[in-house]
Amino acid sequence: MQDEIAVNYCQLAVVSTDPPEVTAAFRAGLGSTFTFLSDHDRRAITELDIVEQTKPGFEHGLVALPYTFSLYPGLTIHKIYSGWWFVGRPTLEELRQDYRAIMQKCRPDYEYAPPPKT
């Protein structure tokens, strides 16, 4: 989806809690052209208050809940997705719809007319 997004003047970024060298290797392995950032010190997850509460006896340190944010220019939040597995993660189609809604609101030259209903 990274090529589709780039054509439409949108950008992706990933923040990982892995060490920088692991994050860089993962990015290279995926062939990603978008930004990958490392929060190995886990400062961002603490500041954003997205630390998962683990059961007593199952502590694994600070574990970040997975979040996906759709942002307007200027980094204002359009929509937030959160959760593990497929329950809380956005589908590619949901992200496409988010980008469409953001572009409609931000670009005066963007016009979208849905196909006629049959």
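Only a predicted model underlies this, so the values are computations on that prediction, with no experimental measurement involved.
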Minimum heavy-atom separation for Q2 and T33, please, with both atom names.
OE1-N, 3.0 Å
In this structure, CG of L71 is separated from CD of Q11 (nearest 0.5 Å) by 11.0 Å
Under the salt bridge (Lys or Arg N to Asp or Glu O under 4.0 Å) rule, collect the residues that match up with D3, sequence neighbours excluded.
none
Membership question, hydrophobic clusters at under 4.5 Å side-chain separation (ILVMFWY): are L92 and F34 in the same one?
yes
Rounded distance [0.5 Å steps], CZ in F26 versus OG in S38
13.0 Å
Same hydrophobic cluster for V15 and I45, using side-chain heavy-atom links shorter than 4.5 Å among ILVMFWY?
no
Single-linkage hydrophobic cluster L12~L37, side-chain heavy atoms < 4.5 angstrom:
no
Answer with yes or no whether the hydrophobic clustering places V7 together with I102; edges join I, L, V, M, F, W, Y residues whose side-chain heavy atoms lie under 4.5 Å apart.
no
Nearest-0.5 Å distance that lies between atom CG in D18 and atom CZ in R27
15.0 Å
Do L48 and V14 belong to the same hydrophobic cluster, where Ile, Leu, Val, Met, Phe, Trp and Tyr are linked whenever their side-chain heavy atoms lie under 4.5 Å apart, directly or via other members?
no
Please identify each residue that fulfils side-chain contact (heavy atoms from CB on, under 4.5 Å) with E93, with sequence neighbours left out.
T91, R96, Q97
Exercise: identify the closest heavy-atom pair between M103 and C10:
SD-SG, 4.4 Å
For the atom pair CD (E4) and OH (Y99), what is the distance rounded to the nearest 0.5 Å?
10.0 Å
First locate atom OG of S16, then atom NE2 of H40, and finally report the distance between them rounded to the nearest 0.5 Å.
9.5 Å
Is Y72 atom OH crowded by more than 12 heavy atoms from other residues, nucleotides or ligands, each under 6.0 Å away?
yes
How far does OH of Y81 sit from OH of Y67, to the nearest 0.5 angstrom?
14.5 Å
Do the non-hydrogen side-chain atoms of C106 and P73 ever get within less than 4.5 Å of each other?
yes
Where R100 and Y110 come nearest, the two heavy atoms and their spacing:
CG-OH, 3.3 Å
When you measure from the side chain of T46 to the backbone N and O of R42, does any donor-acceptor pair fall under 3.5 Å?
yes
Within the structure provided, determine whether T68 and I80 are in side-chain contact (heavy-atom separation under 4.5 Å).
no
